[in-house]
Amino acid sequence: MKWLLGNWQQVWELTVAHLVLSLPAILLALLIAVPIGRLAFRRPRFGGPLLSVATLAYAIPALPLLIIIPALIGVPLRSWQNMVAALTIYGVALLVRTAADAFASVDPTLRDAAIAVGTSRAGLFWRVDLPLAIPVLISGVRVVTVSTISLVTIGALIGVPSLGSLLTDGFQRGIAGEVWTGVIATVLLAVILDGLVLGIGRLLTPWTRRQSTLARGGAA
């Protein structure tokens, strides 16, 4: 606590830098993984290979990936673009299978009913499939969020500032307070963002709260 009180401004700046790297990667992962997951659900012939590729992508070690990406897309090694690209790859790898499962969880009778009343293909996605898939999707986004917040710390090993910088600097200079501050701040940030994602999920799915209330009423 003594170290934190004397260096709170540095911790705050690194927390903001941590968020600047994390949030775009989480959003990009969501935007990329949902269409791929839907394609995997609707076209199982292509879906199997897509899900396998996603699983393999998550198995790539972080440090080699951070070195490969600059060579592929031409960005500096110590740039935020490199970190966001790597984090997005891991996020997509985690979320694609969950997205496919989310669309598979939608009751097919509801989908058939929507088609029977003349709902277009686009309407079927926006009004039926996506809203009903949100509860499962949110569970995947929570995993991606916590994973991304944790993975950002690896960027400190190649010189990209984040809360991970407190870990590397603290180890190098033997300052335990700095290391613990980095660990606790990273965990707290993950918990806060996880709670925000959970809250957003509840706002987007008010019917799940009503179902829970009815279930509790029935049990009573």
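This structure is a prediction, so every number in the text was calculated from the model and none was measured.
- Under the side chain to side chain contact (heavy atoms under 4.5 Å, CB included) criterion, Asp101 pairs with Arg97, not counting sequence neighbours.
- Minimum interatomic distance between Leu95 and Ala33 (heavy atoms only, all atoms of both residues): CB-CB, 3.7 Å.
- A donor-acceptor pair under 3.5 Å is formed between the side chain of Arg78 and the backbone N or O of Ile158.
- Tyr58 pairs by the ring-ring contact (aromatic ring centres under 6.0 Å, His included) definition with Tyr90, not counting sequence neighbours.
- With a 4.5 Å cut-off between side-chain heavy atoms of Ile, Leu, Val, Met, Phe, Trp and Tyr, the cluster of Val136 takes in none.
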Only distances under 3.5 Å count here; give the side-chain donor-acceptor pairs of residues 16-27 to other protein atoms, sequence neighbours excluded, each with its distance to 0.1 Å.
residue: His18; atom: ND1; partner: Leu163; partner atom: N; Å: 3.1
residue: His18; atom: NE2; partner: Ile149; partner atom: O; Å: 2.9
residue: Ser22; atom: OG; partner: His18; partner atom: O; Å: 2.7

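- Other residues sharing a hydrophobic cluster with Val53 under the 4.5 Å side-chain heavy-atom criterion for ILVMFWY residues do not exist; the residue is a singleton.
- Nearest heavy atom pair, residue Val34 against residue Phe103, reads O-CE1, 3.7 Å.
- Scanning for side chain to side chain contact (heavy atoms under 4.5 Å, CB included) contacts around Arg43 gives Leu39, Phe46, with sequence neighbours left out.
- Through direct or indirect side-chain contacts shorter than 4.5 Å among Ile, Leu, Val, Met, Phe, Trp and Tyr, Leu56 is connected to no other residue.
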Contacts table for residues 175-190: side-chain donor-acceptor under 3.5 angstrom, sequence neighbours left out:
residue: Thr181; atom: OG1; partner: Gly177; partner atom: O; Å: 2.7
residue: Thr186; atom: OG1; partner: Gly182; partner atom: O; Å: 2.7

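- Cluster membership check: Phe125 shares its hydrophobic cluster with Leu137, using side-chain heavy-atom separations under 4.5 Å among Ile, Leu, Val, Met, Phe, Trp and Tyr.
- Closest heavy-atom contact between Ala102 and Ser105: O-OG, 2.5 Å.
- With sequence neighbours left out, Asp107 forms a side-chain hydrogen bond (donor to acceptor under 3.5 Å, both in side chains) with Thr109.
- Residues Met83 and Val152 share a closest heavy-atom pair of CE-O, 3.9 Å.
- Taking Arg42 as the reference, nothing meets the salt bridge (charged side-chain N to carboxylate O under 4.0 Å, His left out) condition, with sequence neighbours excluded.
- Qualifying side chain to side chain contact (heavy atoms under 4.5 Å, CB included) partners for Ala86, counting only residues two or more places apart in sequence or in other chains: Leu65, Leu66, Ile69.
- Take Leu157 and apply the side chain to side chain contact (heavy atoms under 4.5 Å, CB included) test, not counting sequence neighbours, and it matches Leu63, Ile154, Thr168.
- Test Val143, Thr98, Val197 against Ile138 for side-chain contact (heavy atoms from CB on, under 4.5 Å) and you get one pass: Val197.
- Listed for the Ser79 side chain is no donor-acceptor partner under 3.5 Å among the backbone atoms of Val75.
- Nearest heavy atoms, Val128 versus Ala114: CG2-CB, 3.7 Å.
- Leu14 approaches Ser162 most closely through the heavy-atom pair CD2-O, 3.5 Å.
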